[in-house]
*Asks:* 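This structure is in structure tokens; I'll ask about it shortly.
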Amino acid sequence: MNLSGMPQADLQSVNVIIEASGYYPALSTAHFIEHYAIAQEYASKSDVLLEKLLYAQAEINQELANTQLTNGQTLSAAQALFYKRAVYSKAKASLLVSKLGSTHRDSATAQSQAAIDNHEHWLRESINAMRQLQGLSPNLTVELL
């Protein structure tokens with residue numbers, strides 16, 4: 001069972017690993033499903049989850065492109081945790097927006113408002129994780145204007 005009370009998909013059958021890039025850690029669709037309460041209609045579609053994760057990963061990596069998080073080494077355990085949180089949260093927000101288009105008209109208004117609120121929550125979670133990750137950089141400097 002997941003947090004919505006629905007039976008959970010077989011995590012091993014839908015698990016796809018996005019390999020580590022050497023710098024950033026690997027990501028997993030099974031971890032995403034299990035820890036971010038992914039709705040059943042998406043949990044069984046590993047291709048949709050993979051697409052959302054790859055898109056979120058690309059966005060986060062682009063945002064981090066100008067931030068030197070380490071001195072050429074892999075991320076620390078804390079940095080990896082915040083990186084994963086940023087990617088998974090952004091992907092979760094993207095899934096919630098995708099769900100808006102698949103709701104029935106009679107309940108669309110209430111569901112869309114709840115989904116928008118949840119979308120904004122998960123975007124804030126992603127941004128907060130990015131800030132925490134950048135705050136752990138050993139090269140953090142302050143610039144006076």
*Asks:* Which is it for Phe82 and Asn128 under the side-chain contact (heavy atoms from CB on, under 4.5 Å) test, yes or no, and what are the steps along the way?
*Replies:* CA-CA 9 Å; Phe82 287 122; Asn128 289 340; over 6 Å; no

*Asks:* What is the minimum heavy-atom distance between Leu133 and Leu69, and which atoms define it?
*Replies:*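 Shortest heavy-atom contact: O-CD2, 3.8 Å.
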
*Asks:* Please round to the nearest 0.5 Å and tell me the distance separating atom OG1 of Thr29 and atom CG of Leu49.
*Replies:*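 One finds 6.0 Å between OG1 of Thr29 and CG of Leu49.
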
*Asks:* Just by modelled atom types, is the Ile60 backbone N or O under 3.5 Å from a matching donor or acceptor in the Glu63 side chain?
*Replies:*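 No.
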
*Asks:* Give a yes-or-no answer on whether the side chains of Glu51 and Tyr55 include a donor-acceptor pair shorter than 3.5 Å.
*Replies:*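 Side chains of Glu51 and Tyr55: no pair found under 3.5 Å.
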
*Asks:* So, do Leu95 and Val48 sit near enough that their side-chain heavy atoms are less than 4.5 Å apart?
*Replies:*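 Leu95 vs Val48: side chains touch.
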
*Asks:* Rounded at 0.5 Å granularity, tell me how far CD1 in Ile17 sits from NE2 in His31.
*Replies:*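 Going from CD1 on Ile17 over to NE2 on His31, the span is 10.5 Å.
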
*Asks:* So do the side chains of Ile127 and Met130 get within less than 4.5 Å of each other, counting heavy atoms only?
*Replies:*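 Not touching, per the 4.5 Å side-chain cut-off.
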
*Asks:* Check the side chains of Thr70 and Gln73 for a donor-acceptor pair under 3.5 angstrom, ignoring hydrogens and angles.
*Replies:*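 No, no side-chain donor-acceptor pair sits under 3.5 Å.
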
*Asks:* Which value, rounded to the nearest 0.5 Å, describes the distance between Arg124 atom CZ and Ser89 atom OG?
*Replies:*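 Answer for the CZ-OG pair, Arg124 versus Ser89, is 11.5 Å.
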
*Asks:* Do you see a donor-acceptor pair shorter than 3.5 Å between the side chains of Asn15 and Ser28?
*Replies:*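 Indeed, the side chains of Asn15 and Ser28 share at least one donor-acceptor pair under 3.5 Å.
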
*Asks:* Can you measure from NZ (Lys45) to CD1 (Ile38) and round to the nearest 0.5 angstrom?
*Replies:*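 Spacing of NZ (Lys45) from CD1 (Ile38) equals 13.0 Å.
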
*Asks:* Could you check whether the rings of Tyr36 and Tyr88 sit parallel, tilted or perpendicular, using 30° and 60° as the cut-offs?
*Replies:*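 Aromatic pair Tyr36/Tyr88 classed tilted.
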
*Asks:* Let me see the working for Lys92 and Phe32 under side-chain contact (heavy atoms from CB on, under 4.5 Å), right down to the final yes or no.
*Replies:* CA-CA 8 Å; Lys92 171 80 175 187; Phe32 185 42; 4.1 Å; yes

*Asks:* To the nearest 0.5 Å, what is the distance between NZ on Lys52 and CG on Leu50?
*Replies:*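 If I round to the nearest 0.5 Å, the distance is 12.0 Å.
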
*Asks:* Between Ala43 and Ile33, which heavy-atom pair has the shortest distance, and what is it?
*Replies:*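 Smallest heavy-atom distance, with atoms named: O-CD1, 3.4 Å.
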
*Asks:* Is there side-chain contact between Arg85 and Ser126, with heavy atoms separated by less than 4.5 Å?
*Replies:*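 No. Closest side-chain heavy atoms not under 4.5 Å.
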
*Asks:* What closest approach, in Å, do Leu53 and Val87 show between heavy atoms, and which atom pair accounts for it?
*Replies:*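 Between these two residues, the closest heavy atoms are O-CG1, 4.1 Å.
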
*Asks:* Given the rule that I, L, V, M, F, W and Y join up when any side-chain heavy atoms are under 4.5 Å apart, are Leu123 and Leu64 in one cluster?
*Replies:*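 No; Leu64 is not reachable from Leu123 via cluster members.
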
*Asks:* Given 3.5 Å as the limit, does a donor-acceptor pair link the side chain of Glu125 with the main chain of Ala86, or not?
*Replies:*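 No; zero donor-acceptor contacts below 3.5 Å.
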
*Asks:* Would you name the heavy atoms of Tyr83 and Leu75 that are closest together and state the gap between them?
*Replies:*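 So the two residues come closest at CB-CD1, 4.1 Å.
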
